There are 2 protein chains.
Amino acid sequence: MSIRDIARQAGASKANVFHHFNSKDKLYLAVMRDACRRSEAVLTNMLSEHGDATARIAEYIRQHLKLLYEDAERSKLVLREILQSNPRRGQELAERAFKDDFEMVTRIFSEGQQEGQLAPHIDPALAAFVMLAANVMLFQAQHVLRHLPGASFVDEPERYREMLLDILLNGISKGRSAGTTESA
Amino acid sequence: MSIRDIARQAGASKANVFHHFNSKDKLYLAVMRDACRRSEAVLTNMLSEHGDATARIAEYIRQHLKLLYEDAERSKLVLREILQSNPRRGQELAERAFKDDFEMVTRIFSEGQQEGQLAPHIDPALAAFVMLAANVMLFQAQHVLRHLPGASFVDEPERYREMLLDILLNGISKGRSAGTTESA
DNA sequence: TGGGGAACTGACCGATCGGTCGGTCGGTCG
DNA sequence: CGACCGACCGACCGATCGGTCAGTTCCCCA
């Protein structure tokens, strides 16, 4: 996307864009900051709600997916930046934008451990990472996944959420109590 | 990357590049095809080895990560294409490049179910997806993850593999037998 | 009322892009 | 020998890019 296009869509002149944002990179960073702030606000509101650990995890999966899909353009922008950042930019993004978010998500799992619902030997950061990775990949690679054999869950968000939660909580080994989560 | 740069690195003239590949897009597709073929070869060889289901899953996680990191440039190229493809391109990629690979990975899990080691109610495609998503995200977002609180597993591949396998197999709920996998 | 600074503009710049063109060169047939 | 062909090249093209600049318009406050 060129600054010419941006200016045209904004109904302003290209020079005016440079008047408000000194360079294209500054403009880009401003857009990124705005995108992150909106995501953060949504997730912070969501996390204030309560329930037991599994209910909060289920709710987070739901809300995170909803957030990704409802503002798809913004999500793609942020994810593209995360997924192809170099070391320096990656550190910048982590510390300035995603650190707090990730810490909040991790806390869902560590609190679940303190409450005795989740196994204490699990690394809460890794659990959070696996959950986020699944959601992000589902959203980001949906156009490829849709045509892969057996991946029909791409277009069945409810089934996907239920099954992901089941794998996350109970694993895939035989022996654990199977089946659907008895959510509302 | 411009064709000028490509030609310079190849020690040829820019015009010669256009002589062999009619357009930049044709050249790009040729590179993609080559990249996919190499990945496919590595994974096919790996999958011919045997063992029980959990051992094969563990081995796949290891080999897949190794493949991603050992040819990082190629991996980034392919993943970037997957992660930002539009619907039409996504379908093309899925059917022409990734269908067989994904089917092979899914089969690891469905065979594990037939052998009685994995829970029969699990969707093998979703299990494969979660595993792949974790690995891909670890590789692709490593520069961000490295600076996130608690995500030290990014630079400890052995611990990461062990813990991911544990979560995948046993889940994070309390009650399941904890701990390290008794691999060799 | 007028002066000053922010908001805003069109014209322009150098650089780089993908792609084309006319032509050279070495080898291979009839 | 000469016709032909694919590999290969330097020079060039139009388009587009991010960015600059001199100048105009607008608005607020002394």
Side-chain angles (χ1 to χ4, degrees), chain A residues 1-39 71-98 140 143-144, chain B residues 1-39 71-97 140-141 143-144:
Chain A
M1 166 95 26
S2 71
I3 293 211
R4 281 174 177 80
D5 289 342
I6 294 170
R8 196 178 307 130
Q9 288 190 30
S13 69
K14 183 164 70 77
N16 196 16
V17 174
F18 279 96
H19 174 71
H20 289 282
F21 310 88
N22 290 335
S23 69
K24 188 176 189 179
D25 194 60
K26 292 279 177 60
L27 167 60
Y28 185 74
L29 286 175
V31 173
M32 282 291 300
R33 266 197 299 273
D34 180 68
C36 292
R37 254 188 260 122
R38 293 205 199 185
S39 305
D71 206 342
E73 289 303 318
R74 193 183 311 274
S75 304
K76 281 182 188 172
L77 191 74
V78 176
L79 288 176
R80 186 166 55 112
E81 189 69 17
I82 297 178
L83 294 176
Q84 61 184 41
S85 58
N86 56 37
R88 200 155 41 84
R89 187 82 155 197
Q91 178 168 5
E92 201 181 332
L93 285 169
E95 291 175 351
R96 298 195 182 182
F98 305 115
Q140 193 80 350
H143 301 306
V144 175
Chain B
M1 166 94 28
S2 71
I3 293 212
R4 278 175 178 80
D5 290 342
I6 294 170
R8 196 179 306 131
Q9 288 190 30
S13 70
K14 186 163 68 78
N16 195 15
V17 174
F18 278 97
H19 174 69
H20 290 283
F21 310 88
N22 290 333
S23 70
K24 188 175 189 179
D25 194 61
K26 293 279 176 61
L27 168 60
Y28 185 74
L29 286 175
V31 173
M32 281 293 299
R33 266 197 298 272
D34 180 67
C36 292
R37 255 188 259 121
R38 292 206 200 185
S39 305
D71 205 343
E73 288 304 317
R74 193 184 311 275
S75 303
K76 280 181 188 171
L77 190 75
V78 175
L79 288 176
R80 187 166 53 114
E81 188 70 17
I82 296 179
L83 294 176
Q84 61 184 42
S85 58
N86 55 39
R88 200 155 41 84
R89 188 83 155 196
Q91 178 168 6
E92 202 180 333
L93 285 169
E95 292 175 351
R96 298 195 183 181
Q140 193 81 350
H143 302 306
V144 175

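Letters go in sequence order (proteins before strands), and every chain restarts at 1. This one's a predicted model, so the numbers in the text were calculated from it and none came from an experiment.
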Nucleotide C:dA15, atom P - distance to CG of B:Asp5 in whole Å: 16 Å
Heavy-atom closest pair, residues A:Arg74 and A:Ala35: CG-CB, 3.3 Å
Taken to the nearest whole Å, CZ/A:Arg4 to C1'/C:dA11 is 11 Å
Can you tell me if the side-chain N/O atoms of A:Ser2 get under 4.0 Å from OP1 or OP2 in D:dT16? no
Is the distance from OP1 or OP2 of D:dC9 to the nearest side-chain N or O of B:Asn16 less than 4.0 Å? yes
Of the options C:dG19, D:dG10, D:dG18, whose atoms approach the side-chain atoms of B:Ala15 most closely? D:dG10
Over how many whole Å does the gap from B:Phe18 atom CZ to C:dC21 atom P extend? 12 Å
Looking only at non-hydrogen atoms, find the nearest pair between B:Ile3 and B:Lys14 and report the distance. CG2-CG, 3.6 Å
Whole angstroms only, please: what is the NE2-P distance between A:His19 and C:dG5? 13 Å
D:dA11 P sits how many Å from B:Ile3 CD1, rounded? 19 Å
Name the pairing partner of C:dC17, where a pair is Watson-Crick or G-U wobble with both distances under 3.5 Å, or state none. D:dG14
Exercise: identify the closest heavy-atom pair between B:Ala94 and A:Val144: CB-O, 3.3 Å
Rounded to the nearest angstrom, tell me the gap between atom NZ in A:Lys26 and atom C1' in D:dG19. 13 Å
For B:His143 and A:Asn86, work out which heavy atoms get closest and say how close. CB-O, 3.8 Å
Mind checking who C:dA7 pairs with, Watson-Crick or G-U wobble, both distances under 3.5 Å? D:dT24
Looking at C:dG18, C:dC8, C:dC17, which one has an atom nearest to any side-chain atom of B:Lys14? C:dG18
To the nearest angstrom, the OH-P distance between B:Tyr28 and C:dC17 comes to 17 Å
Whole-Å distance separating the CD1 atom of B:Ile6 from the C1' atom of C:dG19: 14 Å
Nearest heavy-atom neighbours spanning B:Gln140 and B:Arg80: NE2-N, 4.4 Å
